[in-house]
There are 2 protein chains.
Amino acid sequence: MKKDKITIYDISKKLNISAATVSRALNNNPKISEKTRALVAKTATEMNYKQNRLAQALKNGRTNNVGIIVPYINRSFFSSIIRGIEEELNPNGYHVIICQSHEEEENEIQQLNTLLNTQIDGIFMSVSKTTQTTDHIRKALEENTPIVFFDRKLEFPGVSSVVLDDFKAGFIATEHLINEGCNRIAHLSGDINLEIYRNRFEGYKSALKEYNIAYDKNLVIQTSSKIESGIQAVTQLWELENKPDAIFSAGDYAALGAIQELKNRKIKIPEDVCVVGFSNEPFTKYMELPITSIDQTPQMMGKIAAQVFLEQVKGNQTISIEKKVVLAPELFIRESSNRKLLKFK
Amino acid sequence: MKKDKITIYDISKKLNISAATVSRALNNNPKISEKTRALVAKTATEMNYKQNRLAQALKNGRTNNVGIIVPYINRSFFSSIIRGIEEELNPNGYHVIICQSHEEEENEIQQLNTLLNTQIDGIFMSVSKTTQTTDHIRKALEENTPIVFFDRKLEFPGVSSVVLDDFKAGFIATEHLINEGCNRIAHLSGDINLEIYRNRFEGYKSALKEYNIAYDKNLVIQTSSKIESGIQAVTQLWELENKPDAIFSAGDYAALGAIQELKNRKIKIPEDVCVVGFSNEPFTKYMELPITSIDQTPQMMGKIAAQVFLEQVKGNQTISIEKKVVLAPELFIRESSNRKLLKFK
DNA sequence: ATAATTTAAGTAATCGATTACATTGAGTTA
DNA sequence: TAACTCAATGTAATCGATTACTTAAATTAT
């Protein structure tokens, strides 16, 4: 059995005052005399009183818990975002409940419903790759539960989001390759149904155009974020007459697979082919041949998402603030695409 | 404003019965007639009734939330454990609240207190490296909050734990190096205040003894789980008269640093020196020179920790069951220590 | 000195679900 | 038919904190 917890009634009995007074004193209500407030505060500490957050939550309808839905928590990108959210919300008294969708729409719907039922004060989410419908999200919004999207967003009036400027990321990655002297740049795209991958692709095309390089659709291959997928892409690309001299992958794992296959074929990196990945996964910089990659500043993304949420709940509830934050990508140039470095060796 | 939520009173009003009856019907209380039960169930669905878990939790003292305290969530090892716990608990209606200690005792204490105050039903934790005192844990136990330790445990009567057999891990890692023909095996130890690192170290010594290799304390260097630490260790080791021909690191990051420094010194791996790491971090297998490592089956660890917890809360609360689970480590042999492989090349 | 106002605190309802105890009425037994 | 069961449901207290509304006492104003 749980040890008997101290309640405001215990304090009120001990001091011969009403529970209401105790409650008010603890909440620094100005109607309470300084003397009583101090006495209650002292007694509360002495008796080791701890406010029952359940009762409080039941009364005022706020739990100080928020939910986060991510595809997977053990991906560096997502766990860093979670860490960012947590570090911003914890000092504000919020706790974070984490759920995984495993990239399955069905799980996402179920997790969202459970969260709503658990009475969270808000939801942070990155939409699953397979999500086609939006009824579950509409339902959350109808219940007036604030949602903040990060990385993978959906468009709803009044709903805030924090995303990366994927277009720009695609642009600077491609531009960097062009600057390295490449002009047959292949693109390993992600699932084109997702906005983020579409934007990276568009950024790529835009850079080509800007530098007057003809766009060749044979150089674009849709991949999943898996190593095998990168291996297969290279296999396919190297069947072309006119082979690529660079690869810009929309994901680090596919980039890694591509590099493995290129090495397999004794193709030199970066001399023959330059490679750029996406996400700046920890492994990219640990490789013997460190991989150039786009950093999405995930921890910052989480931090900002949390700030947007706090702004929203602290402000006037009847006004809905929609805030679209777009973070700038950062290109980490490493050996897999750095030909200049070679000259110094 | 939140949309008005449907309560059992709304249902009771609609059906002209008491709220008690509605509650009982929804809970499948046998005292309720089948007819009423069915009617209530039907009406509840129609009205889109959702049980208020806060009210329920306040009444019966259980929230169906558990807390997890880990040093960092964005470490593959810990996030995989969390995933394991989650996947086991979610189907049982539990939700998981995650906190990070950042390896600071002070944070650990604070997080634990906040969790207790949040009325969680149990706590899963891996003790921070810097934790010296145990008052906070004793306090949780006094409040009868079940605790399950994983990986890094503390000894308390009645408290369960799920850990790796680190002694065995140290033993098989070292034995493997001996089998590869090494006999001056260095050990990059972790913080020796932590049981896990002591055990890995003991396993190492035990293997040396078993194979009649003299233990040389100059070959043991205490490192932190950082790359730089591994670089520094190699620098120090290579100042020795009699240099090592193998390195068993108690962490993958130190192993990675060691490998970087060895390559820097043009020392061949595994020909001249074999390297084994610990944790099987994702990057170990993606390297150009994949690193041999000990897998701690973290997801399994989380799964089992969750099972232990469920057993405990489902059983008779007045009996405390203490369960010590020790998982077997698995050695993934890769190129960094596989000399046999060379012959086939 | 008395009325008006302010201050400090108390009373009781409320949040939503659960449950010990009470009640009703149909059916059973002697 | 009176006494008794028992199934089905109702009443009201409870979990702990908050707060609208009241009240008592102290202070100020007239």
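Within every chain, numbering begins at 1; the chains are lettered A, B, ... in the order of the sequence lines, protein sequences first and strands thereafter.
At whole-Å resolution of the value, CD1 in Ile11(A) and P in dG16(D) are 13 Å apart. What separates CD1 of Ile6(B) from P of dG16(C) is a distance of 11 Å, to the nearest Å. The nearest whole Å value for the distance from the NZ atom in Lys35(A) to the P atom in dA8(C) is 11 Å. In this structure, the CG atom of Asn60(A) is 16 Å from the C1' atom of dA20(D), given to the nearest Å. Spacing between atom CG of Asn117(A) and atom P of dG16(C) amounts to 14 Å, rounded to whole angstrom units. dT18(C) atom C1' lies 14 Å from atom CZ of Arg62(B), rounded to whole Å. Remark: P of dC15(C) and CD of Gln56(B) are 18 Å apart, rounded to the nearest angstrom. Nucleotide dC15(C) holds its C1' atom 12 Å from the CD1 atom of Ile8(B), rounded to whole Å.
Remark: Lys323(A) NZ is loosely packed, at most 12 non-hydrogen atoms of other residues, nucleotides or ligands lying under 6.0 Å away.
Lys139(A) and Glu143(A) are not joined by a salt bridge, as no carboxylate oxygen comes within less than 4.0 angstrom of a charged side-chain nitrogen. Ion pairing between a basic and an acidic side chain is recognised when a charged N comes within 4.0 Å of a carboxylate O; Glu142(A) and Arg138(A) show no such pairing. Under a 4.0 Å N-O distance rule, the pair Glu34(B)/Arg37(B) qualifies as a salt bridge.
Each of Glu34(B) and Leu58(B) was matched to the nucleotide of DNA chain D holding its nearest heavy atom; the match closer to the 5' end belongs to Glu34(B).
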Going through the checks in order, is the side-chain hydrogen bond (donor to acceptor under 3.5 Å, both in side chains) test met by Asp121(B) and Thr63(B)?
-> CA-CA 6 Å; Asp121(B) 293 348; Thr63(B) 56; 3.3 Å; yes
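Checking Arg83(A), Gln307(A), Gln299(A) one by one against Glu88(A), the side-chain contact (heavy atoms from CB on, under 4.5 Å) holds for a single residue, Gln307(A). The side chain to side chain donor-acceptor pair (under 3.5 Å) test with Thr131(A) is passed by exactly one of Glu104(A), Glu105(A), Glu103(A), Glu108(A): Glu108(A).
Phosphate proximity of dC15(D) to Asn52(A): absent, as no side-chain N or O sits under 4.0 Å from OP1 or OP2. Look at Gln51(B) and you'll find a side-chain N or O under 4.0 angstrom from OP1 or OP2 of dT18(C).
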What string of B, S and - do you get for nucleotides 9-14 of chain D 5' to 3' if you count protein non-hydrogen atoms under 4.0 Å?
-> BBB--B
